Amino acid sequence: MIDEIFKQIEAFQTIIIHRHVRPDPDALGSQGGLARLIKDHYPDKNVYVVGEDVPSLAYLNTMDDIPDSAYDDALVIVCDTANQARISDDRWRKGRFLIKIDHHPNVEPYGDLMWVDENASSVSEMIASLYEMRPDLTLSEDAARLLYAGIVGDTGRFLYNNTTPKTFETASRLIQKNFDRNTLHDRMYEMPLPLMRLNGYVLEHFELNEAGVGQMRIPIELMQRFGVTPESASLLINSFSSVTGIKAWVFFIEEADQIRVRLRSKGPVVNTLAAKYNGGGHPLAAGATVYSWEACDQVVKDLTELCLNK
Ligand SMILES: [Mn+2]
């Protein structure tokens with residue numbers, strides 16, 4: 001598989017790398033890390049990263065502005081994106097060959113070639129493993145920084161159960177490069193004051209039922225009151241995850257035309273529940289979409305049943 005991917009990389013002069021919408025550090029880290037890997041090893045190739053720019057993550061990487069014509073004879077690689085609807089920048093279809101590299105359950109296979117490893121903590125960990133498989137590649141400081149950020153992000157600083165011995169081995173190799181880890185950590189975990197205040201509100205108002213289900217509803221008015229966007233409000237998902245007795249929890253974040261459902265769990269499998277509500281994800285971290293607060297009641301009811309049967 002890896003040889004097959006490198007064969008395609010070698011065959012194309014232009015390589016365009018996509019990732020999912022609303023990127024997280026793994027999306028940007030794997031995308032940027034792979035771009036660096038290719039650029040460092042094949043300096044003559046045109047390698048681009050595309051997708052929407054996110055100001056709060058600009059310290060990780062910024063995107064390239066490319067014309068449609070760049071896709072005419074391009075290899076397109078999509079990182080960290082389980083389904084096609086979540087790929088940022090619709091032009092991904094315009095390339096000549098498509099590769100999917102992901103670590104989410106492969107419920108929607110796509111592409112001419114797929115490298116999917118559900119056991120990897122992150123796509124950043126997968127990209128970092130390429131350096132082991134191909135000793136002829138040299139790991140640059142910037143690639144190490146990007147890939148390390150992706151691993152730290154997707155493992156919740158090595159705390160989530162997707163963290164394996166291999167994750168630590170990979171991180172150990174990455175931090176041998178001389179990037180500024182403290183500054184990176186500070187940037188990744190700093191919180192703007194409005195969001196910090198909303199966090200205080202969430203801690204005061206979340207509910208926890210006898211089944212161990214935590215829930216928090218965040219209507220638009222609340223976000224307006226605190227001056228916080230839905231994207232940043234969703235960063236508070238683990239705000240009360242350490243409360244005693246909690247088994248699983250859900251955040252409902254209202255948007256103009258839908259309510260985003262963010263599910264997390266310490267045991268009960270929640271991605272099957274998410275699938276019932278137009279969503280999906282990992283067994284212990286999933287997302288879905290509903291269209292009314294009544295539907296949110298139903299999600300909580302389902303989640304409660306799931307936790308009671310556990
Ligand atoms: Mn990921």
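All figures in this text were calculated on a predicted structure; none of them were measured in a lab. All ligand and atom numbering here is 1-based and tracks the order in the structure. The first residue of the sequence shown is numbered 1, and numbering continues consecutively from there.
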Please name the atom of [X], restricted to N, O or S, that is closest to the Mn ion (ligand 1).
X	answer
Asp154	OD2
Asp80	OD1
Asp26	OD2
His103	NE2

His104 near the Mn ion (ligand 1): N/O/S under 2.8 Å: no
Ring center gap for Phe251 and Phe240 short of 6.0 angstrom: yes
Ring centroid separation His185 to Tyr148 under 6.0 Å: yes
Ring geometry between Phe158 and Phe168 (parallel below 30°, tilted from 30 to 60°, perpendicular above 60°): parallel
Test: Asp297 and Arg217 ion pair at under 4.0 Å: yes
Over all atoms of both residues, closest heavy-atom pair of Val50 and Asp64: CG1-O, 3.9 Å
